[in-house]
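Below you'll find the structure, written out as structure tokens, and then a few comments.
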2 protein chains.
Amino acid sequence: MITFEEAEIRARIIKALSHPVRLMIVELLKDGELPFSKINEVFESDKSTVSKHLLVLKEAGIVSSRKSGLDMIYRLEMPCVTDFFNCITAVIENNIKKQQICLCR
Amino acid sequence: MITFEEAEIRARIIKALSHPVRLMIVELLKDGELPFSKINEVFESDKSTVSKHLLVLKEAGIVSSRKSGLDMIYRLEMPCVTDFFNCITAVIENNIKKQQICLCR
DNA sequence: TTCCTTGTTGGTAAATATACCAACTATTGA
DNA sequence: TCAATAGTTGGTATATTTACCAACAAGGAA
């Protein structure tokens, strides 16, 4: 069995991924690194909000960043991202299927 | 690109998994269904706390439940759970590796 | 240097999550 | 029917998360 401490470490990573904006950032970075400005322009929120979401992802080790001139370049550090999203999608598909069964009763 | 609404749906599932107690429950249920009492005895918290964590997992479609006599039997509805945890573990391993590089400087 | 652009950090208010206790419902058994 | 057991729900206090605004720091250009 997994210990509570191990579960806490896992939970920290998962929690970093549990926000729609952060999930969209991960999707954006799936095809390669991007500067902050490109990530920021996708969202309507204040740039400080986007910056803080990126910090959460960085502290979890899900993205990394490097300075390049005035830009800050962000890169995804999660090669298994596709498996991860496929698993979540499978849960969602199953939920839809189950709801359909309920509606047919 | 994924829409904000799609990201919100995914985030809801992921958030349900972002708590150490809920992760331990998922691990417990990996090998088959269990009654509430068996799940509860693993944790020191009040049974109402455990019950509410199970409700969160249920509302996300990660577990299901059925009544059997006085027992409430919980079952994991996430066949991809191993892939999911493997991905999180990979991020953790990468974090450890990166920290080691830093320490060697 | 001084200005300008880029992104981060600090502060704050509102929303959400969490844990505990107490009270409740449902089922079983006497 | 009454009591006992199993689990859920309601209430509440505390902690965490979030978004925005304003101020700041870093780097490049004039």
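We name chains A, B, ... by the order of the sequence lines, and we start the count at 1 in each one. These numbers come from a predicted model, not from an experiment.
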| said: I need the CD1-C1' distance between I39(B) and dG7(D), as an integer number of Å. | reply: 12 Å
| Can a donor-acceptor pair under 3.5 Å be found between the side-chain atoms of S48(B) and the base atoms of dC21(C)? | yes
| said: Taking only side-chain N and O atoms of H53(A), does any of them lie within less than 4.0 angstrom of OP1 or OP2 on dA19(D)? | reply: yes
| query | Within this structure, what is the CG-to-P distance between L54(A) and dT6(C), rounded to whole angstrom? | reply | 16 Å
| Integer-rounded Å distance: dT25(C) C1' and M72(B) CE | 11 Å
| message | Any side-chain N or O of Y74(A) below 4.0 angstrom from OP1/OP2 of dT6(C)? | response | no
| Length of the CG-P vector between D71(A) and dA25(D), whole Å | 21 Å
| said: Nearest to the L70(B) side chain among dG7(D), dT28(C), dC20(D), which nucleotide is it? | reply: dT28(C)
| 5′-ward residue of the pair T49(B)/K47(A) relative to DNA chain D | T49(B)
| Counting N and O atoms only, with roles assigned by atom type, does the side chain of S68(A) sit under 3.5 Å from a partner on the main chain of D71(A), one being a donor and the other an acceptor? | no
| field | Nearest-angstrom distance from the residue atom NZ of K67(A) to P of dG7(C) | value | 7 Å
| When the distance from CG of L34(A) to C1' of dG7(C) is rounded to whole Å, what number comes out? | 16 Å
| Taking atom C1' of dA17(C) as reference, at what distance in whole Å does atom CZ of R12(B) sit? | 16 Å
| said: Could you check whether any side-chain N or O of T89(B) sits under 3.5 Å from a backbone N or O of F85(B), counting only pairs where one atom can act as donor and the other as acceptor? | reply: yes
| request: Decide yes or no on side-chain contact (heavy atoms from CB on, under 4.5 Å) for F43(A) and H53(A), but give the supporting numbers first. | output: CA-CA 12 Å; F43(A) 302 100; H53(A) 281 305; over 6 Å; no
| query | To the side chain of S37(B), which of dG7(D), dT6(C), dT8(C) is closest? | reply | dG7(D)
| Of the candidate nucleotides dC20(C), dT8(C), dC21(D), which contains the atom at the shortest distance from the side chain of D46(A)? | dC21(D)
| query | dT6(C), dT17(D), dT8(C): which one has an atom nearest the side-chain heavy atoms of K15(A)? | reply | dT17(D)
| Of all the nucleotides listed (dT18(C), dT8(C), dT8(D)), which has the minimum atom distance to the side chain of R22(B)? | dT18(C)
| query | Could you give the distance from OH (Y74(A)) to CD1 (I39(A)), rounded to the nearest 0.5 Å? | reply | 7.0 Å
| note | The answer to which of K52(B) and H19(A) contacts DNA chain D further toward the 5' end, by nearest nucleotide, is K52(B)
| task | Applying side-chain contact (heavy atoms from CB on, under 4.5 Å), run through R12(A) and I9(A) and close with a yes or a no. | result | CA-CA 5 Å; R12(A) 231 172 285 145; I9(A) 294 168; 4.3 Å; yes
| query | Between dA26(C) atom C1' and I73(B) atom CD1, what is the distance in whole Å? | reply | 15 Å
| said: Under 4.0 Å, heavy atoms only, any strand: does N40(A) hit a base, just the sugar-phosphate, or nothing? | reply: nothing
